[in-house]
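For reference, the structure discussed in these notes is given below.
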Amino acid sequence: MDTPDQYYVVARPLYSEDSFKETYEKIYRQRKTMLDHVKDYFTCDSKRVKNAALSLLPIIGWMRIYRVKEWLLNDVVSGVSTGLVAVLQGLAFSLLASLPPSYGLYTAFFPVIMYFFLGTSRHISVGSFPVLSLMVGQVVTRLVPDTGPPANITGFEGLSRDEQRVIVASSVTFLTGLFQLGMGLLQAGFIVLYLSDTLVSGFTTAAAVHILVSQLKFVLGLIVPGLSGPLSIIYTLEKIFSQITSTNICDLVMSIVIMLAVFVVKIVNDKCKSKLPVPIPIEVIMTIIACGVSYGFNFKKRFRVDVVGQMVKGYESPIPPNVEVMESSLVEAIPMAIVGFAVAFSVAKVYAVKHDYVIDGNQELVAFGASNIFGASFRSFVASTALSRSAVQESTGGKTQIAGLLSAMMAMIVTVAIGFLLEPLPKSVLGALVIVNLKGMLLQVTEVPYLWRRDRPDCVVWLVTCVASILLGLDLGLAVGLGIELLTVVFRTQFPRCSVLANISGTDLYRDRKDYICISEPKGVMIFRIPSPLFFANIEFFRKKLTEAVGFSPLRVLRKRNKALRKIRKMLKKGALQVTKRGVLTTGSSPTEESDSDSKMEDLDLPSDYSDLPVQVNWNSQLPGNICVPRVPIHSLILDFAAVSFLDMSAMKGLKTWTF
């Protein structure tokens with residue numbers, strides 16, 4: 001460790017760009033042409049075939065290193081635990097998608113099968129995600145509303161409302177998968193970089209509010225039609241409160257009891273996770289109890305409780321997507337594709353870093369695109385990953401996607417064999433499970449005070465994204481948030497926080513002089529820092545801030561000095577000024593005046609020339625002959641461009657004119 005009395009001194013010659021090029025010869029590198037890149041792309045050999053196979057089928061890579069004795073038992077335990085959670089979340093999140101609960105089990109099965117072969121993450125649990133389920137539900141209720149006729153779409157004739165909704169959900173899922181697959185094939189995985197953590201946090205918090213409001217009708221046992229579009233959340237709350245006196249007390253009591261029990265046990269799981277071999281599956285336990293109590297006391301008839309009802313047994317034949325539905329849902333499918341990938345990729349990155357393996361963003365897009373296309377053909381809705389479900393898969397010892405495959409088998413068993421046992425389950429129980437699992441997303445609101453203190457533009461992005469998503473809907477809210485985020489980038493670069501640096505006393509460090517008390521500034525030297533690239537949009541701002549910092553206009557001082565030099569030369573020539581032995585200018589006879597008309601203004605902007613003067617002029621001293629020039633408090637200006645990544649031509653011209 002370095003002690004405070006150790007110093008580092010770097011001594012080297014000073015170079016200009018031209019002198020550096022003259023001293024050191026630069027290597028000429030031949031650039032590849034577009035034709036060369038095309039040839040390389042289409043060149044095929046055994047190594048490229050092998051890499052392509054490993055890239056398109058990541059299962060080959062991790063299956064070759066699979067340790068059966070060490071990993072298989074962990075994957076089995078993790079798969080069973082995750083499967084139980086996936087079944088319940090599939091049932092619950094299908095309510096968000098405005099679909100019959102049994103179709104949530106399809107989403108817990110078909111996409112997982114495809115991701116097993118194509119995905120690069122070994123730990124995320126693929127399936128339904130509440131935010132995406134809600135976004136699907138908004139499309140479903142827009143095209144097939146609870147009340148009134150459905151949209152005029154070919155293919156809806158002779159179908160029940162639930163069947164129409166399944167077609168809408170599967171078609172929008174197919175379109176979402178096409179977008180993801182297309183982005184993956186076009187190597188567009190970088191698009192997730194434009195969704196900052198702040199934007200995603202604000203968006204998911206708003207989605208949690210939408211989810212909470214959408215589940216109130218199940219928790220309270222009310223009949224509220226699903227609404228979509230701007231301000232739909234306000235209209236939904238209005239309808240809920242107008243019927244609040246019709247609340248089903250049985251539904252409400254069950255929901256409160258289940259939310260309290262799940263909330264308390266989850267706290268116990270968090271505090272005792274090091275002592276528990278697996279987390280207590282409280283959601284499963286409460287679901288089993290609720291099913292038994294509902295069946296035993298016949299809640300459906302005695303208390304008019306809305307239950308899951310008849311479950312679809314087995315799997316139906318695949319169906320093609322409806323083209324008209326895809327055309328009508330084009331705007332909604334794009335944000336679904338982006339959000340689904342962004343959430344899954346962010347979770348996958350966390351586990352990849354923790355377990356030391358690499359994931360490929362473009363391949364993840366291909367995997368999720370293919371998974372959603374495959375699932376949509378069998379009537380599932382958009383799949384991504386749920387944070388809580390992935391945490392269960394990883395925390396219970398899951399090592400590979402074999403755990404995910406086993407969780408899909410659990411969903412298949414429920415669908416094919418024991419789904420009828422869930423028919424008496426009250427929908428209010430599913431709504432309560434959804435609400436209690438929103439805790440993490442809703443608590444993101446606590447980030448706002450921290451963001452306000454640390455980075456106010458980021459805080460503005462969070463607030464605008466959240467409020468816009470709540471009021472305008474998730475699709476428009478995401479677009480607004482992305483626009484605000486890009487504006488903050490422009491704002492940061494166009495109006496950077498320039499500063500004058502000063503030495504922190506007792507150190508060799510230089511910081512903004514406004515932020516510290518014990519500072520010292522070298523006399524006559526100013527260090528000016530700009531933490532941004534310089535280009536056409538901010539060069540005038542930079543020049544303005546630099547002029548404010550130094551306290552004078554260099555062009556004005558330059559012109560005044562050149563005028564004074566002309567006057568001095570004229571006075572020396574006429575004998576009005578004399579040079580003493582000490583090299584000081586003194587007034588001889590009466591001084592002469594020079595009018596501004598004698599000067600050519602364009603010559604005043606040229607650098608000052610002292611070569612023909614017999615003495616060096618001290619501009620900060622008293623000048624003879626009534627010559628008045630503004631005094632400059634500094635003799636050296638240092639521009640700290642360490643954070644300037646590039647300068648364009650406008651910036652270089654602007655810097656050149658700011659000189660004296």
Side-chain angles (χ1 to χ4, degrees), residues 57-91 104-129 265-266 268-270 272-288 315 344 347-348 350-352 354-357 359 367 371 374-375 380 383-419 421-422 437:
L57 292 172
I59 184 176
I60 299 174
W62 59 262
M63 282 296 284
R64 291 188 305 172
I65 61 171
Y66 193 82
R67 305 172 189 171
V68 178
K69 294 183 180 180
E70 299 178 29
W71 291 358
L72 184 58
L73 181 60
N74 289 332
D75 279 339
V76 170
V77 173
S78 175
V80 173
S81 303
T82 308
L84 295 174
V85 177
V87 167
L88 293 181
Q89 289 188 348
L91 295 172
L105 299 178
Y106 290 5
T107 308
F109 178 72
F110 290 106
V112 180
I113 301 299
M114 187 60 69
Y115 188 86
F116 175 77
F117 294 99
L118 300 178
T120 58
S121 175
R122 305 175 193 171
H123 292 87
I124 65 171
S125 174
V126 176
S128 53
F129 177 55
V265 174
K266 279 184 174 291
V268 173
N269 282 339
D270 289 338
C272 303
K273 59 184 177 182
S274 60
K275 300 178 181 178
L276 295 172
V278 294
I280 300 173
I282 184 61
E283 291 98 337
V284 177
I285 294 172
M286 297 306 296
T287 301
I288 294 172
Y315 294 106
V347 176
V350 172
Y351 292 127
K354 182 177 179 180
H355 295 277
D356 192 24
Y357 62 91
I359 59 172
S371 298
F374 180 65
S380 70
S384 178
T385 184
L387 311 183
S388 57
R389 195 171 60 244
S390 294
V392 170
Q393 180 165 320
E394 191 269 342
S395 63
T396 52
K399 301 297 183 182
T400 65
Q401 279 301 328
I402 287 179
L405 184 65
L406 291 173
S407 73
M409 296 300 106
M410 295 286 293
M412 183 188 70
I413 292 171
V414 173
T415 303
V416 174
I418 61 175
L421 296 176
L422 296 171
N437 279 288

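FYI, side chains are in, hydrogens and waters are out, and symmetry mates aren't considered; it's all heavy atoms of this structure.
- Closest heavy-atom contact between Pro58 and Gly119: CB-O, 3.4 Å.
- Put simply, the side chain of His123 reaches to within 4.5 Å of the side chain of His355, judged on heavy atoms.
- Although no hydrogens or angles enter the test, the distance criterion places no donor-acceptor pair under 3.5 Å between the side chain of Thr120 and the main chain of Ile359.
- How far CZ of Arg389 is from CD of Glu394: 15.0 Å, rounded to the nearest 0.5 Å.
- Two residues are said to be in side-chain contact when any heavy atoms from C-beta on lie closer than 4.5 Å; Met409 and Ile113 meet this criterion.
- For the pair Leu91 and Leu105, the minimum side-chain heavy-atom distance is below 4.5 Å.
- In this structure, Thr107 contributes its side chain and Gly127 its backbone to no donor-acceptor pair below 3.5 Å.
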Which pairs would a plain distance check flag for residues 412-419, meaning a side-chain donor or acceptor within less than 3.5 Å of a matching protein atom at least two apart in sequence or in another chain?
{"residue": "Thr415", "atom": "OG1", "partner": "Ala411", "partner atom": "O", "Å": "2.8"}

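- Applying the side chain to side chain contact (heavy atoms under 4.5 Å, CB included) test to Val392 and every residue at least two apart in sequence or in another chain returns Ser81, Thr82, Val85, Thr396.
- To the nearest 0.5 angstrom, Ile402 atom CD1 is 12.0 Å from Ser407 atom OG.
- Considering every non-hydrogen atom in both Ser388 and Gln89, the closest pair reads OG-NE2, 3.0 Å.
- Between atom OH of residue Tyr66 and atom CD1 of residue Ile59 there is a gap of 11.0 Å, rounded to the nearest 0.5 Å.
- Heavy-atom minimum distance, Gly398 versus Ala403: CA-CB, 4.4 Å.
- At least one side-chain heavy atom of Glu283 sits under 4.5 Å from a side-chain heavy atom of Asn437.
- Here CD1 of Ile288 is found 8.0 Å from CG of Leu84. Values are rounded to the nearest 0.5 Å.
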Pair Ile285-Ile280, side chain to side chain contact (heavy atoms under 4.5 Å, CB included): steps then yes or no: CA-CA 9 Å; Ile285 294 172; Ile280 300 173; 4.1 Å; yes

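- From Ser384, atom OG reaches atom OH of Tyr115 across 9.5 Å, with rounding to the nearest 0.5 Å.
- Of the possible polar contacts, one joining the Thr385 side chain to the Ser125 backbone as a donor-acceptor pair under 3.5 Å is found.
- Taking each heavy atom of Leu406 and Asp75 in turn, the nearest pair found is CD1-O, 3.6 Å.
- Two residues are said to be in side-chain contact when any heavy atoms from C-beta on lie closer than 4.5 Å; Phe109 and Ser380 fail this criterion.
- Tested against Trp62 for a ring-ring contact (aromatic ring centres under 6.0 Å, His included), the candidates Tyr357, Phe116, Trp71 yield a single pass: Phe116.
- Closest approach of Met410 to Gly79, counting heavy atoms only: CG-O, 4.2 Å.
- Across every non-hydrogen atom of Gln393 and Ile124, the tightest pair is NE2-O, 3.6 Å.
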